[in-house]
Amino acid sequence: MTDRIPLAAVLGQPIHHSKSPRLHGHWLRRYGLPGHYIPIEVSSGDLEDVLRMMPRMGFVGANVTIPHKVAVFEIADQITDRATIIGAANTLIFRADGKIMADNTDGYGFIENLRQGAPGWDAGAGPALVLGAGGACRAVITSLLEAGVPQILLSNRTRIKAEQLQEDFGKRVQVVDWVQVGNAIEDAALVVNTTSLGMVGQPEMRIPLDGLQKNTLVTDLVYTPLETNLLRVAREAGCRTVDGLGMLLHQAVPGFERWFGRRPEVDDALRDAMLT
Ligand code: NAP
């Protein structure tokens with residue numbers, strides 16, 4: 001087993017759009033490591049059989065994406081605390097004893113991107129205004145609370161989903177009505193868009209942004225386009241901004257390190273490789 005070239009994959013359906021093969025392939029080439037990372041289209045009905053077979057075929061782990069991020073909980077033998085809190089997994093480790101460990105690295109990727117993109121960012125500086133209440137939002141809230149943000153002002157078009165998150169995460173999360181979000185911006189030390197608004201093919205973000213303060217840090221999970229309307233307005237208002245591409249890159253770091261034995265760097269060369 002130890003002489004085998006390590007294999008890893010991303011499993012999903014559809015899978016052709018996934019950027020993960022390019023990302024891991026870049027690192028494998030850059031560090032001259034033996035190994036391969038491939039996209040595999042897997043239906044929900046085949047997921048368990050495929051995952052049980054993969055370790056025997058030389059796979060050391062996998063990423064999972066839509067529609068398998070929650071379903072893998074039923075198959076994994078061990079689930080990390082952060083994946084449990086987020087309620088979904090994106091990274092699987094196939095252990096030497098044949099057990100499958102499920103982790104979620106989205107929150108890690110989000111915070112590392114902020115730290116790299118806004119050096120000196122102080123989580124304790126004030127409340128964070130988080131827009132959205134979907135799957136990615138759970139990872140963002142988890143990581144912000146862990147980083148020490150004192151309060152999260154959470155606003156979503158469908159208020160009940162934000163209230164559900166408040167129930168799950170407790171008193172440090174406070175729900176703000178979607179129509180009031182322009183007022184909450186004034187109080188925010190950090191603004192995070194976790195909705196799909198502003199993404200190519202989606203409606204524009206239309207919330208009032210004139211309350212943005214110069215010392216507010218603004219970040220967007222959307223990375224197509226790289227500079228969303230939210231980030232452009234924030235930059236023009238004098239705010240520091242961090243785009244969403246880095247989150248995608250950083251979330252891949254823990255998996256690559258576990259599978260291929262080297263902690264990879266997120267740098268300009270990687271960003272360029274992902275953008276060409
Ligand atoms: P999701 O679970 O489908 O949630 C979508 C969110 O967007 C919900 O809060 C939804 O509000 C909101 N939304 C959609 N259309 C809206 C509209 N017209 N007006 C107001 N709100 C609207 O999606 P997700 O998985 O959380 O992903 C959200 C975004 O983050 C996507 O663009 C995704 O590509 C991006 N993302 C980026 C990374 C990265 O690495 N950078 C990682 C994960 C996700 P309702 O609840 O009212 O429907």
Side-chain angles (χ1 to χ4, degrees), residues 10 12 14 17-20 22-24 63-71 82-83 86-91 103-117 129-144 152-169 173 175-182 184 191-209 218-231 241-256 266 270-271 274-275:
V10 55
H17 65 281
S18 174
K19 293 191 186 310
S20 295
R22 191 194 291 201
L23 171 52
H24 289 273
N63 288 120
V64 282
T65 185
I66 293 167
H68 306 317
K69 286 182 148 199
V70 177
R82 60 187 181 181
I86 294 167
N90 68 347
T91 303
D103 191 13
N104 191 314
T105 62
D106 277 341
Y108 164 86
F110 171 74
I111 287 290
E112 286 304 302
N113 186 38
L114 268 194
R115 292 198 168 126
Q116 187 178 47
L129 173 63
V130 177
L131 310 172
C137 188
R138 290 189 75 93
V140 167
I141 292 177
T142 304
S143 62
L144 286 176
I152 291 178
L153 307 171
L154 181 64
S155 193
N156 191 49
R157 174 182 61 174
T158 310
R159 185 181 166 107
I160 194 162
K161 289 197 205 163
E163 287 171 347
Q164 183 60 56
L165 286 180
Q166 179 185 39
E167 214 167 279
D168 293 349
F169 286 99
V173 176
V175 175
V176 173
D177 205 86
W178 189 242
V179 293
Q180 298 292 328
V181 76
V191 173
V192 187
N193 176 39
T194 81
T195 75
S196 47
L197 290 172
M199 187 171 152
V200 171
Q202 297 294 318
E204 259 316 333
M205 165 93 54
R206 299 243 176 265
I207 62 168
L209 296 170
V218 181
T219 187
D220 203 324
L221 266 57
V222 171
Y223 56 85
T224 49
L226 210 49
E227 186 177 62
T228 58
N229 199 38
L230 169 67
L231 294 185
T241 62
V242 177
D243 69 54
L245 179 62
M247 174 176 170
L248 175 79
L249 309 182
H250 281 284
Q251 63 76 32
V253 168
F256 187 92
V266 173
L270 178 64
R271 283 177 66 91
M274 297 304 290
L275 291 170

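Because only heavy atoms are used, hydrogens play no part in the values below, and waters and symmetry mates are left out as well, while side chains stay in. Both ligands and their constituent atoms are indexed starting at 1 by order of listing. Count residues from 1 along the sequence.
- Protein heavy atom in closest approach to atom 42 (C) of ligand 1: M247 CE, 3.7 Å.
- When only interatomic distances are considered, the shortest N/O to N/O separation between Y223 and ligand 1 does not fall below 3.5 Å.
- Distances below 4.0 Å separate heavy atoms of G132 from the following atoms of ligand 1: 9 (O).
- Residue-ligand proximity, G134 to ligand 1, at heavy-atom distances under 4.0 Å covers atoms 2 (O), 4 (O), 9 (O), 26 (O).
- Protein heavy atom at the shortest distance from atom 6 (C) of ligand 1 is T195 CA, 3.9 Å.
- Polar contact check, W178 against ligand 1: no nitrogen or oxygen pair lies under 3.5 Å apart.
- Within ligand 1, counting atoms from 1 as listed, the ones closer than 4.0 Å to a heavy atom of V222 are 32 (O).
- For D220 and T228, the side-chain atoms include at least one donor-acceptor pair closer than 3.5 Å.
- Put simply, OG1 on T91 and OH on Y108 are 11.0 Å apart, with the number rounded to the nearest 0.5 Å.
- Of the protein's heavy atoms, T194 O, 3.1 Å lies nearest to atom 28 (C) of ligand 1.
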- Task: Check the pair K69, N90 against side chain to side chain contact (heavy atoms under 4.5 Å, CB included), reporting the backbone distance first and the verdict last.
- Result: CA-CA 6 Å; K69 286 182 148 199; N90 68 347; 4.1 Å; yes

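- The line from OG1 of T195 to CD1 of I207 is 8.5 Å long, rounded to the nearest 0.5 Å.
- In this structure, atom 33 (C) of ligand 1 has its sub-4.0 angstrom surroundings free of protein heavy atoms.
- Atom OG1 in T219 sits 9.0 Å away from atom CE in M247 (nearest 0.5 Å).
- Of the protein's non-hydrogen atoms, R157 NH2, 2.9 Å is the one closest to atom 48 (O) of ligand 1.
- Residue L197 places a heavy atom under 4.0 Å from ligand 1.
- Inclusion of G244 in the set of residues having an N or O under 3.5 Å from an N or O of ligand 1 is warranted.
- Numbered from 1 in the order shown, with element, the atoms of ligand 1 that lie under 4.0 Å from a heavy atom of K161 read 45 (P), 46 (O), 48 (O).
- Compare L165, L245, N156 by their heavy atoms: the one nearest to atom 9 (O) of ligand 1 is in N156.
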- Message: One pair to check against side chain to side chain contact (heavy atoms under 4.5 Å, CB included): E112 and V253. What are the steps and the verdict?
- Response: CA-CA 10 Å; E112 286 304 302; V253 168; over 6 Å; no

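- Across the listed options G135, G246, S196, S196 owns the non-hydrogen atom lying nearest to atom 14 (C) of ligand 1.
- Protein heavy atom at the shortest distance from atom 47 (O) of ligand 1 is T158 OG1, 2.5 Å.
- The distance from atom CG of D177 to atom CG of N156, rounded to the nearest 0.5 Å, is 10.5 Å.
- More than 12 heavy atoms of other residues, nucleotides or ligands lie within 6.0 Å of CG in L275, so this atom counts as buried by the packing criterion.
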- Message: Please determine whether side chain to side chain contact (heavy atoms under 4.5 Å, CB included) holds for the pair M205 and N229, giving the CA-CA distance in whole Å, both sets of side-chain angles, and the decisive distance to 0.1 Å.
- Response: CA-CA 7 Å; M205 165 93 54; N229 199 38; 5.6 Å; no

- Report the C-alpha separation of L131 and W178 in whole Å, then their side-chain angles, then the decisive distance to 0.1 Å, and conclude whether the side chain to side chain contact (heavy atoms under 4.5 Å, CB included) test is met. CA-CA 9 Å; L131 310 172; W178 189 242; 4.2 Å; yes

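- I160 CD1 to E167 CD: the interatomic distance, rounded to the nearest 0.5 Å, is 9.5 Å.
- For atom 27 (O) of ligand 1, the closest non-hydrogen atom of the protein is A136 CB, 4.0 Å.
- Within the 4.0 Å heavy-atom shell around ligand 1 one finds M199.
- Distance from atom 30 (O) of ligand 1 to its nearest protein heavy atom, with residue and atom name: L221 CB, 3.7 Å.
- Taking only nitrogen or oxygen atoms, main chain and side chain alike, C137 does not reach within less than 3.5 Å of ligand 1.
- Given atom 40 (O) of ligand 1, the protein heavy atom at minimum distance is L248 N, 3.2 Å.
- Applying the side chain to side chain contact (heavy atoms under 4.5 Å, CB included) rule to D243 yields the partners L226, L231, L245, R271; only residues at least two apart in sequence or on another chain are considered.
- In this structure, atom 3 (O) of ligand 1 is not in close contact with the protein, since no protein heavy atom lies within 4.0 Å of it.
- Annotation: the span from R82 atom CZ to T105 atom OG1 amounts to 6.5 Å, rounded to 0.5 Å.
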